[in-house]
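Reading through the structure tokens given below for one structure.
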2 protein chains.
Amino acid sequence: MAFVNQNQILQSLIAEQLVSDPASARGRLLKEAARLFRDKGYERTTVRDLAAAVGIQSGSLFHHFRTKEEILKAVMVETIRLNTALMQAAADSEESPRGKLRALVRSELESINGQTGEAMAVLVYEWRSLSESSQVQVLELREIYEGLWLSVLEELNELGQLKADPFIVRRMLTGALSWTVTWYKPERGGLTLDGLTDQVMAMLGL
Amino acid sequence: MAFVNQNQILQSLIAEQLVSDPASARGRLLKEAARLFRDKGYERTTVRDLAAAVGIQSGSLFHHFRTKEEILKAVMVETIRLNTALMQAAADSEESPRGKLRALVRSELESINGQTGEAMAVLVYEWRSLSESSQVQVLELREIYEGLWLSVLEELNELGQLKADPFIVRRMLTGALSWTVTWYKPERGGLTLDGLTDQVMAMLGL
DNA sequence: GTCTATAGACTGATAGAC
DNA sequence: GTCTATCAGTCTATAGAC
């Protein structure tokens with residue numbers, strides 16, 4: 001797994017029909033939906049906005065999705081599936097616990113501030129707009145993702161390298177890393193994604 | 001300032017008409033609005049919901065506020081004013097830079113998870129629902145608040161006690177502390193607010 | 001300062017033609 | 001698979017009586 005690149009991972013997920021091909025009609029709609037939901041919020045985004053973004057009429061949307069909420073759910077589900085796979089590969093490519101943690105931080109920062117950033121922001125900020133039954137289903141997927149983090153953090157803790165409780169560190173990191181979407185602008189300042197990762201590791205004394 | 005308590009601060013802000021008296025009609029509405037906006041989101045909360053929460057009809061709301069957005073803005077403005085004053089008093093009550101930082105972390109955690117928690121969550125998660133002109137006004141108030149943090153963090157940095165850049169540490173803390181609202185439940189587990197503050201300080205190696 | 005009644009705009013979703 | 005047309009419901013805000 002160590003040298004599998006990001007595009008190979010995406011391709012295999014598409015082949016398994018776990019995420020939509022970004023070139024397909026469904027994939028393009030989900031991409032535009034993520035952008036609109038992040039920019040305006042789920043409630044302020046109308047089905048007319050969504051349809052216009054992919055160049056169709058609002059009535060035609062309901063041929064692809066039964067409800068507006070189904071679109072929100074699909075954005076979230078596919079985003080978690082993709083990022084769990086990317087995260088797993090990032091952790092597997094490192095040997096030491098510290099290296100694995102750095103890879104996870106780097107990978108999550110990339111998810112939040114890169115290609116899937118819009119969808120990741122939706123996952124954090126539009127959670128309440130999901131119906132309760134959908135929340136349960138998305139939460140199940142999310143647990144696999146969180147398990148990756150906890151196993152690495154617990155390993156570091158057993159080595160005495162972690163200064164606080166692993167569960168709490170993960171929750172602090174969840175908040176801290178997702179918040180970067182509101183202020184981190186790689187193009188403006190001199191801070192690269194690797195530089196930002198270094199700052200996070202330094203803050204943890206690692 | 002060292003021994004001024006929280007209630008005295010609230011009373012003096014009410015006297016200066018910088019925040020509404022929680023017992024007044026306006027104050028009670030803002031309290032209910034904060035709760036509804038946090039629970040359902042600004043867009044999903046209707047003026048009928050707001051009116052019902054204080055026992056009046058929806059038309060009567062517009063005697064107190066010209067628009068629904070004005071209510072959101074008032075929740076945010078009054079929350080920042082109150083918490084800036086509480087934060088200032090907390091920092092002033094300590095001598096050492098480390099002590100001041102701990103007081104700020106403790107104070108912000110209390111704001112987020114205590115009495116003003118509903119309004120603080122609104123400040124973080126409903127930002128986009130504010131019109132651009134209102135965003136500018138609220139941002140100005142927010143800068144005073146952030147200045148308090150930065151002066152303490154820069155002091156610690158000059159003493160060589162901070163492991164990462166002060167600006168970045170503040171932003172990480174903003175995300176990490178505000179995120180506690182999604183998981184920290186003082187009544188359930190054994191972790192107190194002081195215990196949580198200790199974990200944050202330990203994570204920073206302080 | 002609160003009420004009732006409603007204007008006027010917008011919403012998600014459906015039906016049936018092509 | 002997309003179109004047009006529209007339904008039925010909901011929304012913020014206003015007007016005028018009390």
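Note that these values count all heavy atoms, side chains included, but never hydrogens, waters or copies made by symmetry. The chains referred to below are lettered A, B, ... by the order of the sequence lines, with proteins before strands, and numbering in each begins at 1.
- Following rounding to the nearest Å, A:L36 (CG) and C:dT11 (P) show an atom-to-atom distance of 13 Å.
- More than 12 non-hydrogen atoms from other residues, nucleotides or ligands lie less than 6.0 angstrom from OH of A:Y145.
- B:L29 places its CG atom 14 Å from the P atom of C:dG1, with the value rounded to the nearest Å.
- A salt bridge does not link A:K100 with A:E94: every distance from a Lys NZ or Arg NE/NH1/NH2 to an Asp or Glu carboxylate oxygen is 4.0 Å or more.
- Remark: C1' of C:dG12 and CZ of B:R44 are 13 Å apart, rounded to the nearest angstrom.
- For A:F62, the CZ atom is densely surrounded, since the number of other residues' heavy atoms within 6.0 Å is greater than 12.
- Comparing B:R48 and B:A25, the nucleotide of DNA chain C nearest to each residue sits closer to the 5' end for B:A25.
- Closest approach to the A:F62 side chain among C:dT11, C:dA13, D:dA13 is made by C:dA13 (side chain taken as heavy atoms from C-beta onward).
- The side chain of B:T67 approaches D:dA13 more closely than any other nucleotide in the set C:dT11, D:dA13, D:dC11.
- For the OP1/OP2 pair of D:dG1 and a distance below 4.0 Å, the side-chain nitrogens and oxygens of A:H63 include at least one atom meeting the criterion.
- Side-chain N/O atoms of A:H64 include one lying less than 4.0 angstrom from OP1 or OP2 on D:dT2.
- The CZ-C1' distance, from A:R66 to C:dT14, rounds to 15 Å in whole Å.
- At least one side-chain nitrogen or oxygen of B:S60 sits closer than 4.0 Å to the OP1 or OP2 atom of C:dC3.
- Taken to the nearest 0.5 Å, the CG atom of B:L30 stands 11.5 Å off from the CG atom of B:D21.
- The distance from atom NZ of B:K40 to atom P of D:dT10 is 12 Å, rounded to the nearest whole Å.
- A straight line from CG of A:D49 to C1' of C:dG12 spans 13 Å, rounded to a whole angstrom.
- Atom CD in A:Q57 sits about 11 Å away from atom C1' in D:dA5, given to the nearest Å.
- A cation-pi contact, defined as under 6.0 Å to the ring centre and within 45° of the axis, is absent between B:K73 and B:F65.
- When rounded to the nearest whole Å, the span between CG of B:L72 and C1' of D:dT12 equals 15 Å.
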